[in-house]
Amino acid sequence: YGADPVVAESIAACAHRLDQPLRVALAGSLKAGKSTLLNALVGQDIAPTDATECTRVVTWYRNGSTPAVSAWYDGGRKLAVPVQRHDRRLTFDLGPLTADRVDRIDVEWPASALAHTTLVDTPGHVVAVSGRVGPHPGVADPRRRRVRGRRGGLSDANPRRRRRRVPRPDRAACGRRIRTARCHRSGVPRRRGGGGTRRRMVSARDVASRLTGELERTGLCQAVVPVAGLLALAARTLRQSEFVAFEALAQVPGEQLQIAMLSADRFSRSDIELPVDPAMRAQLADRFGLFGIRMAVALVQLGVCDSSSLAAELVARSGLDELRQVIDVQFGQRADQLKAHSALLALDK
C-alpha cells in the first residue's frame, strides 16, 4: 500500500494505536454525572461539570507531563484553550469557538489513572417524551459516517452537515429495550435532595443485581454497577477542614441533625443552629450531597478518626472500587486483544 498515501497513513495510525493506552468512553443522558464520574476515576477535579460550551464537545483526557488543553476545530486547526477555576471548579474557555465548530478537545493531565487508560467524556443525549434518543444539540448526526482524523481523533465525514440531528432507530430501540428490562429506580441515590439515606446504596445494589441478570439475557450489557459518583469524587478529594466539620456534626443529637437535613437548602440555611458555619455546610452539601454527609457522619460516629481513613471508607461505599475492578477485568486485562481487534477491523476496511 506504499503507493496509496491515504491507506498508508491509516495503517500507520493502526500501528500507532497499538502502543497507546486503552480508550474508555463515558456515555449517557444529559446531567447524568458522567463528568463527575470521570473526575472520580482520575481522582482530580479536571473535567468541567457545568453546562458550558466545552461540555457539548467530545473531550479526550490523556496522561501528560504538564496540564495542557487544546481544541481541534474547522477540519484540523488547533487552538490552545485557557484553563480557569471558578469556585474551585475547573472550566475551559473556548473563546470565540462554539461547540458546532469544535471536533474534539484534548486534555493532557499528569495523573496516574491516565497512564494506562485514556478517558473520553462524551456530550449528553436528550431523551424525548416519545422515548426517542437524540444527541446533545451541537453534536454531529449519529447516522453520519465517522472517519479517523490524522491525530487519532474522530472527525465528521461531512462537517457541513454536522448540525443535522436525526435519532437512530437502533439507538431508540435499544433505549426502549433497556427501559423495558430495568426495574424501578427508587433505590438509586440521587445527586442531591432529602432522600439520600444511608441505605440507598444497599437498595441500589439490589436493583443492580436484578438488572444485571435481566440485561444480560437481552445481550445489551455484561454488568450493572451502582456508583455514587459525587460521593466518590468528594471522598477522593476530601479536605481536612471537611473532616473537622464532619466530626462536629457527629456530636449533634440525631433528631436535631435529621431535622436540619430534611433538604440541602435547609441544611445550608444560616438560621439552622449547628456547630458548623453555613458556608461550610453549603460546601458539604454541594460536594457530598446529603447522602454523603449522612454516610460520613455515621462513619465518624463509628470510630473513624482521621481524614485519610474516612476518605478510604467513603470511596469503598461509593461503589467506585467495584467499578474500577469491572473496568480492569472487562477491558484493562484484555487491552491488547481489544486494540488488536480494532486494528483488524480497520485493516478490513
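Model, not experiment: these values are computed from the prediction.
- Side chain of Arg77 to backbone of Tyr73: no donor-acceptor contact under 3.5 angstrom is found.
- Judged purely by atom type and a 3.5 angstrom limit, Ser10 uses its side chain to pair as donor or acceptor with the backbone of Val6.
- Judged purely by atom type and a 3.5 angstrom limit, Arg236 uses its side chain to pair as donor or acceptor with the backbone of Leu41.
- Partner Trp60 forms a side chain to side chain contact (heavy atoms under 4.5 Å, CB included) with one of Thr118, Leu119, Val107 and no other, that one being Thr118.
- Below 30°, between 30° and 60°, or above 60°: for Phe246 and Phe288 the angle between ring planes is above 60°, a perpendicular geometry.
- When atom types are taken as modelled, the side chain of Arg281 and the backbone of Val276 share a donor-acceptor pair closer than 3.5 angstrom.
- Within the 3.5 Å criterion, the main-chain N or O of Ala68 finds no donor-acceptor partner in the side chain of Glu108.
- Asp121 places no side-chain N or O within donor-acceptor distance of the main-chain N or O of Thr59, the cut-off being under 3.5 Å.
- A 4.5 Å side-chain heavy-atom check between Leu249 and Leu284 finds at least one atom pair inside the cut-off.
- For Thr212 (side chain) and Val224 (main-chain N/O), a donor-acceptor pair under 3.5 Å exists by modelled atom type.
- In this model, no donor atom of one side chain and acceptor atom of the other lie less than 3.5 Å apart for Asp265 and Ser263.
- The hydrophobic cluster containing Val329 does not contain Val24, counting ILVMFWY residues as joined when their side-chain heavy atoms lie under 4.5 angstrom apart, directly or transitively.
- Considering every non-hydrogen atom in both Val102 and Ala71, the closest pair reads CG1-CB, 4.4 Å.
- By the 4.5 Å heavy-atom criterion applied to side chains, Leu299 and Arg317 are counted as neighbours.
- Contact record, Ala47 with Leu38: CB-CD2, 3.8 Å, taken as the closest heavy-atom pair.
- A pairwise comparison of heavy atoms in Tyr61 and Pro48 identifies OH-CD, 3.5 Å as the closest pair.
- With a 4.5 Å cut-off on side-chain heavy atoms, Arg287 and Thr237 count as touching.
- Proximity of a side-chain donor or acceptor of Arg294 to a complementary backbone N or O of Met261 within less than 3.5 Å is detected.
- Residues Ser268 and Ala285 come closest through the heavy atom pair OG-CB, 4.1 Å.
- In this structure, Arg56 and Ala99 approach most closely via the heavy-atom pair CB-CB, 3.8 Å.
- Formation of a donor-acceptor pair under 3.5 Å by the Ser318 side chain with backbone atoms of Val315 is found in this model.
- Note on Leu233: it does not cluster hydrophobically with Phe291, by side-chain heavy-atom contacts below 4.5 Å among ILVMFWY residues.
- Looking only at side-chain heavy atoms (C-beta outward), Ile105 and Leu94 come within less than 4.5 Å of each other.
- The two residues Gly319 and Val225 come nearest to each other via the heavy atoms O-CG1, 4.2 Å.
- Judged by distance alone, the side chain of Gln256 and the main-chain N or O of Glu273 form a donor-acceptor pair under 3.5 Å.
- With respect to Arg210 and Glu214, no salt bridge is recorded, no charged nitrogen being found less than 4.0 Å from a carboxylate O.
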